[in-house]
Amino acid sequence: MIYFDNSATTKPNEEVLDTFHKVASIYYGNPSSVHSFGLQTEKLLAQARRQIASLLNVGESEIYFTSGGTESNNLAIKGVANQFRNRGKHLITTKIEHPSVENACEYLKKDGFDITYLPVDENGRIHLDDLKKAIRDDTILVSIMHVNNEIGVIQPIEEIGSLLQNYPKILFHVDVVQGIGKVPIDFHKSQIDLATISAHKFHGLKGTGALYVREGVKLTPLLHGGNQEKGLRSGTENVPGIVAMAKALRLAFEDFNQKRHEMEKIRDYLRHELIKIDQTTINTPEMHIAPHILNFSVEGFKAEVLVNTFSEKQLYVSTTSACSSKRNEPSKTLLAMGVDQKRAESSIRISLSYENTIQEAERAVKVIKSSIEKLLPVMRGSI
Amino acid sequence: MIYDQILIRYGEISTKGKNRQFFVDKLRDHLRYILRDYEKIKIKANRDRAYIVLNGEDWEPIGNKLKKVFGIQSFSPVLKVDKDLNSVKESTRELFEKLHAENKTFKVSAKRADKDYPYTSDELNRLIGGHLLKHINGLSVDVHHPDLELRVEVRRDAVYLTCEVIKGAGGMPVNSAGKAMLMLSGGIDSPVAGYVSMKRGLEIEGVHFYSPPFTSVRSKEKVVDLAKKLAEISGRFTLHIVPFTEIQQTIQQSVPENYTMTITRRMMLRITDELRKKQKALAIVTGESLGQVASQTLESMFTINEVTNTPVLRPLIAMDKNEIIKIAEEIETLEISNRPYEDCCTIFTPAQPITKPKLDRAEAFEEREDYERLIEKAVKGVETLEIEAGKEPEQSLFENLF
């Protein structure tokens, strides 16, 4: 099989699974227990935190463990909104965010918050001028994703961070779920206050993630209970998952440049080959893009039909993002970029990981070509 | 790369006369030690200034480490340039471009250590300021609250440019004032006492009294974590863990309740003094603050101190709790000290400890048991941990998991 749906989720690394199993079966004590068995687990937790912090080049007190991307995004956005609602009730985000950002914002709307959704240009990037114009006296948060999950475009995070330095009352949240381990980012240098990461996007396990919270930033928690994670995230820590995440992150950062280069090579090969097919248009721009995502449309085909056809040949790709595709909606990123409805409905996302090879890409191109040829006579009339 | 060196200004060292070289050497050795992971840099320490030549390293992470180093008044990332006026002007322009100075305000503060330089400080201010105004878009002068203050220091060898002066930790270089033993309980005060002593150049070794099962591994862990924080300052920290259960039990069984605390303290001080002799230290440091608790009244201190002639240094004696807490927060020990585990001082606290213990009564109670033998045994059973900053002793145990 060829797994090209790594932005939906990745295959857990064998060594990572091994770590999970060992920690879960040997160090199952509760890190909050007083006895020395619990202390062992607490030390594991501390070491995982240290390792993740050092890989991300931040302080260990700035890492808070959560259940994943959705929780971290919710905690960041609602946590800021609830903490600073007396300061202002205006949030700024973009039209192309992950649903866990968008819908957290929509939820806050019902609570009297005002949300500005920044537009993107035909290359999927926001403009700093638009952001500047959107900022008001009562703005408390700007939440902008690093790498877009549908087309792979990278937002100008460092420039945004530096612009926001002129507005000390505004916090800056970045959803770095898709970018981590693929596109370098320095939280401190980019002046980021909050950043979301999720383990299962870099060969860790589902149900583990983290929120980076810059030293000194206070949030209102979503969960109340035993005050784990310094009170920000109650609930017994998922130590096996967290240690596994620390290992997965280390492996993702190992030979980082080489891995990135490999993925870029595969992506460029796919772009080069797919563009030769008469019916295809490449939606991913050529500049400011992540190494692992390529989005293209096949004229006259509903994306879902193609995804089904490919999967018969064990080639696994996505229509839009996995989180939106169940609703059967066309990619909102493409619509926001000004792509027409039809092309958006026929868009397919290939997303790579460092485990993919150029041979897989060659086979994938064959599958894609033959599927289109086979379906062409049938599809002509239907769309 | 904006800057190529870090210039370090000494604090009190510069007031030293003949033995200044000794302090400079101590500081240089310590800088070499804490910056040992940066292989490319070169450290030069002169009589008046120290320089770290970056050779391509990023200055900011090094700067973060320097902030904690005692003996430094302030430091600046600098650009070393040729003394020729035109090259100074050009370099300042390049520096301002790299610092994105467009539309910002600035001022120039030139200073000449080299009085033979053909331009006065005022002339330099005007010449360089004029050059920058001409070449950087939207730049304007603000002498009161400038966004960028360009400092130009003319020295014999070269001209140094910087836009930043970062305050150092002050104090005297680590380990330049001899060695003392710190009684480290796990509370808020003792790590602060250790810190301020280190600030004056004392080399510190910690002594902790451990009474399992009355105190848990967690309380020992807490002290190890405190020791790690202190190790970040000096690079290394030696921690002695004294098995104290037997002595505490003996005291509980043979001393009237209101005197147990006094006798316990006397035993701790005796044991610490024995360790001091072994480690060739010359003083004992405690976190006592006058009147804070029953053991810290003047009468208590008199009766407890009587067991030794060794100088007992109490750097916090005249400080308020709030002042101590503030320092604990700054050195990041407060959070650790606040962990809710009992230590050997709190576990057997009598309901009403005596605040004015009499020396003769304390001595009489001690006659009842053979404490000399127990002390000897405790000293023999000491576990000594060598803690190195940034290193985790348990790392190897978990290694394959990470």
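Naming convention: chains lettered A, B, ... in sequence-line order (proteins, then strands); numbering from 1 in each chain.
Within 6.0 Å of CZ in A:F256 there are more than 12 heavy atoms belonging to other residues, nucleotides or ligands. Annotation: A:D137, atom CG; neighbour count of heavy atoms from other residues, nucleotides and ligands within 6.0 Å does not exceed 12. Atom CD of A:Q165 has more than 12 neighbouring heavy atoms from other residues, nucleotides or ligands inside a 6.0 Å radius. Few gaps surround NE2 on A:H35; more than 12 heavy atoms of other groups in view lie less than 6.0 Å from it.
Contact annotation for A:A46: neither backbone nor side-chain heavy atoms come within less than 4.5 Å of a heavy atom of chain B. With a 4.5 Å cut-off on non-hydrogen atoms, B:E335 touches chain A through its side chain but not through its backbone.
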Can you check salt bridge (Lys or Arg N to Asp or Glu O under 4.0 Å) on B:E60 and A:K189, steps first, answer last? CA-CA 11 Å; B:E60 277 166 339; A:K189 262 197 192 135; 5.5 Å; no
Decide side-chain contact (heavy atoms from CB on, under 4.5 Å) for A:Q51 and B:F402; before the verdict, give the C-alpha distance in whole Å, the side-chain angles of both, and the deciding distance to 0.1 Å. CA-CA 8 Å; A:Q51 178 160 319; B:F402 286 89; 3.3 Å; yes
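Scanning residues 16-24 of chain A against chain B with a 4.5 Å heavy-atom cutoff picks out A:T19, A:K22, A:V23, ordered by number. Proximity to chain B at a heavy-atom threshold of 4.5 Å picks out A:K230 from residues 205-236 of chain A, in numerical order.
Using a 4.0 Å cut-off between charged nitrogen and carboxylate oxygen, A:E42 and B:R218 count as a salt-bridge pair.
For the salt bridge (Lys or Arg N to Asp or Glu O under 4.0 Å) test, no residue two or more places apart in sequence or in another chain qualifies with B:K199. Remark: B:R339 engages B:D225 in a salt bridge (Lys or Arg N to Asp or Glu O under 4.0 Å) (not counting sequence neighbours).
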